[in-house]
Amino acid sequence: MSTMSDRYTPAEIEARWRQKWEAEGIYELDDERPGKRFYWLTMLPYPSGDLHIGHWYAMVPSDAGARFKRMTGHNVFFPIGFDAFGLPAENAAIKRNIHPREWTYANIERMRGQLKSMGAMFAWRNEVITCEPEYYKWNQWIFRKLFDMGLAYREFAPVDFCPSCNTTLAREQVVGEARLCERCDTPVVKKELNQWKLRITRYAEELLDFSGLEWPEAVRVMQTNWIGRSEGVEFEMAVEGSGQAIRVYTTRPDTIFGITFCVLSPEHPLVEELAAPAQREAVRAYREQARNRSEVERMSEARECDGVFTGAYARHPFTGKPVPIWIADYVLMGYGTGAIMAVPAHDSRDFTFAGRYRLPIVPVVRPAEEVRPGEGVRPADGARPVDAARPAAAVPGGDGAAGGAGLPYTEKEGSAMFESGPFSGLVWPESFRAVAEALEKKGTGQRSVKYRLRDWLISRQRMWGTPIPIVYCKACGTVPVPYEQLPVRLPDDAVYKPTGESPLKYHEGFLRTACPACGGPAERETDTMDTFVCSSWYMYAYLSPYWKRGQRLAPADTPWEPERGRQWLPIDQYTGGIEHAIMHLLYLRFFAYALADAGALPLRAPVRRLFNQGIILGEDNEKMSKSRGNVVNPDDIVARYGADAVRLYLMFIGPWDQGGPWNPQGIEGVVRFLHDIWYLIVRPGPAAAPANAARATELRRAVHRTLKRAGEDYQSFKYNTLIAALMVLRNQLKTCRAETEGSPAWEEAIDTLLLMMAPLAPYATEELWQRRHRGASIHVQPWPRCDPALATEARVTVIVQVNGKVRDRIELPLGTPADRMQAAALEQPKVRDALGKLAVRKVIAVENKLVNIVAG
RNA sequence: GCGAGAGUGGCGGAACCGGCAGACGCGCUGGAUUUAGGUUCCAGUACCCUCGGGUGUGGGGGUUCGAGUCCCCCCUCUCGCACCA
């Protein structure tokens with residue numbers, strides 16, 4: 001200590017304290033530590049090999065929040081781990097002819113060091129690596145559990161396939177209108193395959209319930225839209241000349257009298273049967289075309305809705321009139337019943353379709369105020385037989401001219417039915433209810449709720465993932481691997497070839513097994529699980545990593561120590577990127593429901609409070625990417641300025657949820673700030689001026705004002721304004737140093753400043769704290785107490801306006817009553833000047849703020 | 001098209017419930033120190049101006065004693081969803 005330099009040398013200081021904290025384990029999980037338990041979580045990183053500035057931006061402010069929480073008396077658990085399965089490892093393995101594990105663990109090794117340089121209070125002893133068999137055995141256990149509960153099933157169906165990643169994807173992993181792979185931006189293709197899915201749709205309704213969750217509005221809205229609940233009516237329409245009926249689904253039963261045709265999805269099972277002999281060939285050709293249509297074609301902007309008449313007619317449920325049945329690929333088999341009633345006057349897609357094939361357009365709802373009482377009480381004439389094979393002009397009454405301006409009219413709020421028989425005049429939502437009830441009474445329809453959410457496809461044709469614990473036996477069929485035989489391990493000697501196929505398919509040792517049911521020869525499932533399975537429950541695993549290591553698993557187990565779960569769950573604060581709004585955050589909630597129903601999890605809402613940080617952009621305000629050459633390497637900046645400066649700067653840039661561009665010059669400001677604090681403490685000040693009591697009191701007020709502000713800003717993650725407030729205090733300390741240094745006020749100011757800064761700049765504050773106090777770490781100190789009397793000013797500056805323009809300012813004691821303020825204001829010479837000859841009409845006085853004199 | 005969010009100096013951004021617009025920082029300008037550059041320190045920095053003041057928060061209207069903030073209309077940008085019946 002005697003040779004201690006007075007220079008600020010972050011590299012030396014940071015290495016020293018990092019070592020000390022680690023040796024003392026001050027950040028590790030400790031059930032016995034006093035204080036209310038608080039589980040603070042940042043999303044676990046993928047071990048890509050290099051820590052990106054984006055990782056810093058995600059984790060550093062999160063760490064600051066966790067540290068503040070600890071200072072305010074909480075027993076904080078802030079774990080970290082690695083989401084270690086995934087395709088990049090496999091690609092690297094092929095390229096270098098090594099095992100993906102080698103690549104992955106080398107990256108983890110490197111990233112651990114980088115993560116540690118951040119100076120975060122991670123509880124490293126609870127680290128979890130998801131590609132460990134002791135971790136993924138629980139993925140398999142959970143899969144098995146879901147299988148037993150009927151929540152995991154295998155289905156042969158059209159699925160999205162990424163030709164570049166050579167694997168199928170979940171619906172959530174297909175992005176945007178162009179339908180690109182979420183990982184590699186390649187357009188996905190449709191394939192029909194046998195795939196394992198998790199029945200997330202069973203929880204659709206519950207997933208819409210966010211009550212009690214402090215989650216950002218944006219996430220709640222996105223998830224709600226993704227789940228896409230709609231309330232409608234499903235009803236039967238008899239098909240003429242056959243015993244069959246088609247079931248259609250609509251959310252607009254009030255427009256039912258406007259039906260002019262029906263549309264089945266090309267894949268609808270009844271199509272073949274219904275098609276009239278004359279139309280059979282056209283129907284078959286269209287189905288063929290729809291099946292082969294590539295995604296690109298389907299999405300091309302020039303594409304219009306097309307379809308083919310089947311030659312069959314359905315009967316309108318109320319009028320009994322025949323309605324032509326078409327097939328068209330704008331109707332999807334995967335939603336509703338795969339069949340619709342088409343009301344072109346009140347649905348834009350039906351409208352386009354009707355326009356193209358010149359089908360009639362019959363309006364039956366319009367704004368309520370435009371519907372005259374008693375209008376159109378006779379049954380509508382909307383559904384006329386149409387010989388769609390001939391041009392519409394030749395169809396009696398089928399010239400589509402009934403439409404006119406203002407169509408399609410799709411508004412439902414405030415709309416009323418007309419020309420709809422007994423329903424005419426009914427206004428939404430009465431109109432919905434009345435038609436729905438009528439259909440229900442007939443016995444051919446019932447109200448029905450549909451969701452856009454699809455089941456989660458988890459099969460991946462990749463090797464570096466959790467093997468799906470299923471065996472296929474010629475005799476017994478699909479057999480789940482028994483709990484006690486888990487884990488099904490990945491082979492260590494798989495051969496990686498650039499064929500794009502999973503090596504598991506050719507690994508005899510893995511593939512060939514004995515059927516758990518009959519003992520006969522059987523084959524293992526070679527698909528692995530989506531890595532989002534790992535991240536759907538890792539937060540519980542952190543509590544007791546690799547629980548039941550080396551032990552046999554049983555159905556009644558819990559993948560983590562149950563007592564720990566009861567003590568520490570739910571996660572009190574979760575932070576991470578908004579890009580996970582749908583996938584990870586939806587799967588996580590689904591898993592919580594499923595695990596709770598399995599009796600494994602003691603709660604259904606796993607995350608109480610969520611915060612999404614923004615994205616840090618390159619200097620050019622663009623997303624960082626190697627191709628743009630605007631990537632900021634945190635290691636370089638740490639080497640130059642120290643981790644504390646990088647931490648401070650990332651939090652100073654702007655609101656955390658906003659992200660923003662990295663300005664390489666901007667960091668200088670926080671570097672100066674750190675230097676200023678450093679030299680205020682370690683170097684003797686200027687020759688002391690006589691101690692000044694008034695200055696000292698002023699300083700104390702500033703300190704407590706800042707303390708109040710800092711506490712508030714920490715809680716709402718407003719680090720940018722928090723740091724600005726600390727800088728203001730720094731400026732004041734520099735100004736008043738000569739007159740206050742050495743006084744109790746000065747000492748209080750310095751200690752308080754260090755404590756307020758500790759969560760932001762853990763290294764420098766620890767070093768300075770230890771130089772002043774020697775002993776327990778600054779990071780186990782309590783948050784300083786704020787004196788509210790000092791935090792508020794005794795006197796306030798009141799502005800005086802004349803007709804809304806500022807003319808003067810007056811200093812008044814806090815809480816001066818309005819009439820006294822008014823009197824004081826009117827006495828000011830400047831105010832008198834400004835008033836001149838004007839007569840005072842009115843005076844508005846707002847306590848502690850302003851006086852506005854209205855004159856004219 | 002639907003949904004969400006955002007438009008404030010040269011730049012990042014402040015501004016609680018409607019009450020001094022531009023805190024804090026970067027950059028820039030001038031000065032001091034320095035052989036020079038850098039560092040550091042001091043002063044200045046929204047715009048216009050006849051130095052009294054005037055104008056300013058994407059544009060236009062409105063409410064109010066008073067609007068960046070509230071209401072209506074419009075424009076621009078970012079994100080999410082998009083044949084979901």
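So that the names make sense, note that chain A is the first sequence line, chain B the second, and so on, each numbered from 1.
- Base pairing annotation: C77(B) forms a Watson-Crick or G-U wobble pair with G5(B), both donor-acceptor distances under 3.5 Å.
- No contact: Val248(A) has no heavy atom under 4.0 Å from any strand.
- Here the separation of A46(B) from G13(B), taken at their C1' atoms, is 15 Å to the nearest Å.
- One atom, CZ of Phe261(A), and another, P of A85(B), lie 16 Å apart when rounded to the nearest Å.
- Where Gly228(A) and Asp676(A) each meet RNA chain B at their nearest nucleotide, the meeting point lying more 5' is that of Asp676(A).
- One N or O donor and one acceptor, one from the side chain of Arg809(A) and one from the base of C20(B), sit under 3.5 Å apart.
- Pairing of U64(B), defined by two Watson-Crick or G-U wobble distances under 3.5 Å, is not identified with any nucleotide.
- Salt-bridge annotation for Asp160(A) and Lys190(A): present, with a side-chain N of the basic residue lying under 4.0 Å from a carboxylate O of the acidic one.
- Here the separation of C20(B) from G56(B), taken at their C1' atoms, is 15 Å to the nearest Å.
- Salt-bridge formation is not detected for the pair Arg447(A)/Glu234(A): no Lys NZ or Arg NE/NH1/NH2 atom is positioned less than 4.0 Å from an Asp or Glu carboxylate oxygen.
- By the 4.0 Å N-to-carboxylate-O rule, Arg229(A) lies close enough to Glu231(A) to be salt-bridged with it.
- One can place NZ of Lys805(A) at 10 Å from C1' of U55(B), the figure rounded to the nearest angstrom.
- Side chains of Tyr286(A) and Thr310(A): a donor-acceptor N/O pair is absent below 3.5 angstrom, by distance only.
- Base orientation of G9(B): syn, the glycosidic angle falling within 90° of 0.
- As a whole-Å value, the separation of Glu668(A) CD from C28(B) C1' is 15 Å.
- A15(B) sits 39 Å from A32(B) when the P atoms are compared, rounded to a whole Å.
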Notebook entry, point to check: What is the per-nucleotide protein-contact pattern of nucleotides 4-19 of chain B, from the 5' end, where B denotes a base atom under 4.0 Å from a protein heavy atom, S denotes such proximity for sugar-phosphate atoms only, and - denotes neither?
Noted result: --------BSS----B
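- Summarising the geometry, the separation between CG on Asp347(A) and P on C2(B) is reported as 15 Å, rounded to the nearest angstrom.
- Heavy-atom nearest nucleotides on RNA chain B were determined for Gly338(A) and for Gln665(A), and the one closer to the 5' end corresponds to Gln665(A).
- For the OP1/OP2 pair of C24(B) and a distance below 4.0 Å, the side-chain nitrogens and oxygens of Arg730(A) include no atom meeting the criterion.
- Residue contacts for Ser348(A): at a heavy-atom cut-off of 4.0 Å it reaches no nucleic acid atom on any strand shown.
- The side-chain tip of Arg171(A) does not point at the ring of Trp456(A) from less than 6.0 angstrom away and within 45° of straight on.
- Counting to the nearest Å, the P atom of U39(B) and the OH atom of Tyr679(A) are 15 Å from each other.
- For C74(B), the glycosidic angle deviates from 0 by more than 90°, giving an anti base.
- Not one side-chain nitrogen or oxygen of Arg452(A) sits closer than 4.0 Å to the OP1 or OP2 atom of A85(B).
- In a base pair of the Watson-Crick type (N1 to N3 plus N6-O4 or O6-N4) or a G-U wobble (N1-O2 and O6-N3), with each distance short of 3.5 Å, A43(B) is matched with U29(B).
- The pair Arg709(A)-Glu712(A) does not meet the salt-bridge criterion, since no charged nitrogen lies less than 4.0 angstrom from a carboxylate oxygen.
- Between the CH2 atom of Trp226(A) and the P atom of C81(B) there is a distance of 6 Å, rounded to whole Å.
- Spacing of P atoms, C73(B) relative to A4(B), comes out at 14 Å, to the nearest Å.
- Residue Lys623(A) is out of contact with every strand shown, counting any heavy-atom pair closer than 4.0 Å.
- Salt-bridge formation is not detected for the pair Arg672(A)/Asp676(A): no Lys NZ or Arg NE/NH1/NH2 atom is positioned less than 4.0 Å from an Asp or Glu carboxylate oxygen.
- Between C41(B), C81(B), C24(B), one nucleotide has an atom nearer to the side chain of Val728(A) than all others, and that is C24(B).
- On the P atoms, C79(B) is 31 Å away from C28(B), given to the nearest whole Å.
- In this structure, Arg683(A) is not positioned above the aromatic face of Trp678(A) in the sense of NZ or CZ being under 6.0 Å from the six-membered ring centre and within 45° of the axis.
- Distances were taken from every side-chain heavy atom of Arg171(A) (C-beta onward) to each of A85(B), A23(B), A82(B); the shortest belongs to A82(B).
- There is no side-chain donor-acceptor pair under 3.5 Å between Asp306(A) and Tyr357(A).
- With rounding to whole Å, Glu231(A) atom CD is found 12 Å from A85(B) atom P.
- In this structure, Lys412(A) does not pair ionically with Asp254(A), as no charged nitrogen and carboxylate oxygen lie closer than 4.0 Å.
- Here the separation of G62(B) from A82(B), taken at their P atoms, is 43 Å to the nearest Å.
- G61(B) and U50(B): their P atoms are spaced 29 Å apart (whole Å).
- As rounded to the nearest Å, G19(B) and A67(B) have P atoms that lie 11 Å from one another.
- As a whole-Å value, the separation of Arg841(A) CZ from U64(B) P is 16 Å.
- Note on Asn731(A): only backbone sugar-phosphate atoms sit closer than 4.0 angstrom, heavy atoms only; bases stay farther off.
- Dashed line: the shortest gap from a side-chain N or O of Tyr330(A) to OP1 or OP2 of A85(B) is not under 4.0 Å.
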